[in-house]
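Input: a single structure, listed below in structure tokens.
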Amino acid sequence: MSAAEAGGVFRRARGRTLDAFLSEKEREWKGPFYFIQGADPQFGLMKAWSTGDSDSGGDEWGQEIRLTEQAVEAINKLKPKPKFFVLCGDLIHAMPGVTAVFSGHYHRNAGGTYQNLDMVVSSAIGCQLGQDTHGLRVVVVTAEKIIHRYYSLDELSEQGVEADLMGLMEEK
């Protein structure tokens, strides 16, 4: 979808209609509906807790896979069907490997470090509450580190992602 098409999609969403992803009969509000929210399948956590090795014991996912399959089967049997299913939280048991947390909602760039954990707050695409320009954060993840830079929308459109960031993704 091009930027112009995306802009058109969001403009059309005003007045409780959205044309982009819905069938003809779903384009306008028709009344109440429901959705399903699930959280934390956290593959590997059950073994880690059972062995008392939360740092490295999450190498077996069998129990969590069976429970996740059971959840999907239960949702698929529901009548009427939910509008959608959203899965939140920890997908895998990997806390010891977390070195950065990325968030938004502050409408300005911010962040800090606490005990080797970086908190990275990215400014908004839309309304700016600080001095930052409208933009996006590019995050490159390698086996050794996480590198990120915030780009204004103009910078990203005109120059793309800098060569040194792209170079980090080359296989060695």
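For the residue pair Tyr151/Glu162, the side-chain donor-acceptor check at 3.5 Å is satisfied. Using modelled atom types, one finds no donor on one side chain facing an acceptor on the other under 3.5 Å when comparing Ser123 with Asn109.
Ring geometry for His148 versus Phe102: interplanar angle over 60°, hence perpendicular rather than tilted (30 to 60°).
Counting only heavy atoms from C-beta outward, the side chains of Thr133 and Gln128 never approach each other to under 4.5 Å. Two residues are said to be in side-chain contact when any heavy atoms from C-beta on lie closer than 4.5 Å; Ile125 and Leu136 meet this criterion. With contacts defined as side-chain heavy-atom distances shorter than 4.5 Å, the pair Phe33/Phe84 qualifies. Side-chain contact between Asp132 and Arg108 is present, with at least one heavy-atom pair separated by less than 4.5 Å. Proximity of Val139 to Val141: side-chain heavy atoms (C-beta onward) are separated by under 4.5 Å at one or more points.
A side-chain hydrogen bond (donor to acceptor under 3.5 Å, both in side chains) check over residues 64-80, counting only residues at least two apart or in different chains, returns nothing.
The cluster map of Ile, Leu, Val, Met, Phe, Trp and Tyr, joined by side-chain heavy atoms under 4.5 Å apart, puts Ile36 and Leu67 in different clusters. Put simply, Met119 and Tyr106 are part of the same group of oily side chains (I, L, V, M, F, W, Y) that touch within less than 4.5 Å, one to the next. Clustering ILVMFWY residues whenever any of their side-chain heavy atoms sit less than 4.5 angstrom apart, transitively, puts Met169 in the very cluster that holds Val161. Residues Leu117 and Ile146 fall into different hydrophobic clusters, defined by Ile, Leu, Val, Met, Phe, Trp and Tyr side chains chained together at heavy-atom separations under 4.5 Å.
Open room surrounds OH on Tyr114; 12 or fewer heavy atoms of other groups in view lie less than 6.0 Å from it.
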